[in-house]
Amino acid sequence: DQTFLFKRKVCIPNSAFRNPHSEGFTLVELMTAITILVIISGTAYSAFQMALRVYNRETTRVILIQNCRNAINQIANDLSNTYIVEGDTDLQFMAEDIPKDEGEQDTVTFVTLIDPRPDPLLAQLSGELGTAELTEEEATQPQPDLVRVFYYLKVDEESDEATLNYDENPPLSLFRATTTGLALSGNESIEEIISRGTVIVTTASGEEEEVPLEETAIADHVQSLDFKYSDGEEWYESWDNTERPPKAVQ
């Protein structure tokens, strides 16, 4: 009998001889992974910050455009309802052209017809906010449908930005002021009336009385306010005709 001896080569992987305490990532691999992670995170953060800046800029631009449109619509509505009676100098239309180095800062005042009825939406909103309702005496008093309106530029002292320090002039706001005192007394300029905050009117008894202006800022960060007036043939920077209003206002 013959005995056959078979030999079989067995390959044992090197991992079987690895030191059990050396398992895991090497320092070079770890530093490489962290570097790649930092680069990716930085790129994503920069893209997010850029998108956020673009969004904020466009949002601010849309808000400014909307405020400007609302202000122009308000001015146009008041001008279209201008109330003038021929020969009545108390209802005069007066405008002043005030050029400035930074931009025009014109002023204008006229008597306009308003709707004395309250806005139902505002009334509903006032009720939801818990605003105090009018007393019975106030509710029964007739509301004036004629007011004198003023448009002008000045710094809004009540805004949050009024307390900030500016290297140059603080931003201007467009104001709309109204008063029930329709007649303008004497040769006062519009600027003098605005700075005083009242209109001096003569009562039926011949006494002078000061009627306050109720002003509201209708647009912020206004660079200039420039009015031009037409008599149907030519355009003028100011309007001095107290007997009739201009036929068009730009």
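By the 4.5 Å heavy-atom criterion applied to side chains, Thr107 and Met94 are not counted as neighbours.
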(request) Could you please spell out the steps behind the side-chain contact (heavy atoms from CB on, under 4.5 Å) verdict for Leu172 and Gln223? (result) CA-CA 7 Å; Leu172 299 174; Gln223 182 176 354; over 6 Å; no
(request) Tell me, with the steps shown, if Glu237 and Lys228 meet salt bridge (Lys or Arg N to Asp or Glu O under 4.0 Å). (result) CA-CA 5 Å; Glu237 293 292 336; Lys228 290 181 174 58; 3.8 Å; yes
(request) Apply the test side-chain contact (heavy atoms from CB on, under 4.5 Å) to residues Leu79 and Tyr151: give CA-CA distance (whole Å), side-chain angles for both, the deciding distance (0.1 Å), then the verdict. (result) CA-CA 11 Å; Leu79 286 170; Tyr151 283 102; over 6 Å; no
(request) Decide side chain to side chain donor-acceptor pair (under 3.5 Å) for Thr109 and Arg148; before the verdict, give the C-alpha distance in whole Å, the side-chain angles of both, and the deciding distance to 0.1 Å. (result) CA-CA 7 Å; Thr109 178; Arg148 176 167 289 279; 3.1 Å; yes
(request) Begin from the C-alpha positions of Phe110 and Thr112 and carry the test side-chain contact (heavy atoms from CB on, under 4.5 Å) through to its verdict. (result) CA-CA 6 Å; Phe110 51 92; Thr112 186; 4.0 Å; yes
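Remark: side-chain polar atoms of Thr179 are paired, donor with acceptor, to backbone N or O of Gly181 under 3.5 angstrom. No side-chain donor-acceptor contact under 3.5 Å links Asn77 to the backbone of Asn73. For the pair Glu29 (side chain) and Thr26 (backbone), a donor-acceptor distance under 3.5 Å is present. Side chain of Glu192 to backbone of Ser189: a donor-acceptor contact under 3.5 angstrom is found.
Atom-to-atom distance recorded for Ile200:CD1 and Glu210:CD is 5.0 Å, nearest 0.5 angstrom. The distance from the CE atom of Met50 to the OG atom of Ser46 is 7.5 Å, given to the nearest 0.5 Å. From Asp226, atom CG reaches atom NZ of Lys100 across 13.5 Å, with rounding to the nearest 0.5 Å. Here OG of Ser41 is found 10.0 Å from CD1 of Ile39. Values are rounded to the nearest 0.5 Å. The distance from atom CZ of Arg57 to atom OG1 of Thr59, rounded to the nearest 0.5 Å, is 10.5 Å. In this structure, the separation between CD on Gln74 and CD1 on Ile72 is 12.0 Å, given to the nearest 0.5 Å.
For the side-chain contact (heavy atoms from CB on, under 4.5 Å) with Ile75, the qualifying choice from Leu174, Asn70, Val108 is Leu174, the only one to do so. Checked options Leu113, Val111, Leu146; the residue passing with Asn81 is Leu113 (criterion: side-chain contact (heavy atoms from CB on, under 4.5 Å)). Remark: of the listed residues Ile98, Leu153, Leu225, Asp97, Asp97 is the sole one forming a side-chain contact (heavy atoms from CB on, under 4.5 Å) with Glu104. The side-chain contact (heavy atoms from CB on, under 4.5 Å) with Leu213 is formed by just one residue from the set Val149, Thr198, Thr178, Ile193; it is Ile193.
The minimum heavy-atom distance linking Thr82 with Pro245 is given by the pair CG2-CB, 4.5 Å. Taking both residues in full, the closest heavy atoms of Glu96 and Ile190 are given as OE2-N, 2.7 Å, listed atom of the first, atom of the second, then distance. Minimum heavy-atom separation, Met31 to Thr35: O-OG1, 2.8 Å. Scanning all heavy atoms of the two residues, the minimum distance from Phe150 to Val199 falls at CZ-CG2, 4.0 Å. When all heavy atoms of Ser238 and Tyr229 are compared, the closest pair comes out as C-CD1, 3.7 Å. Taking all atoms of both residues into account, the shortest heavy-atom contact from Ala217 to Asp156 is CB-OD2, 3.8 Å.
When only modelled atom types and interatomic distance are considered, Gln105 and Tyr152 share no side-chain donor-acceptor pair under 3.5 Å. Using modelled atom types, one finds a donor on one side chain and an acceptor on the other under 3.5 Å when comparing Asp220 with Ser173.
Put simply, Val38 and Leu30 are part of the same group of oily side chains (I, L, V, M, F, W, Y) that touch within less than 4.5 Å, one to the next.
Atom OH of Tyr83 has 12 or fewer heavy atoms from other residues, nucleotides or ligands within 6.0 Å.
Ring orientation note: the planes of Trp239 and Tyr236 are nearly perpendicular, at an angle over 60° on the 30°/60° scale.
Taking the centre and axis of the six-membered ring of Phe175, the NZ or CZ atom of Lys154 falls inside the cone set by 45° and 6.0 Å.
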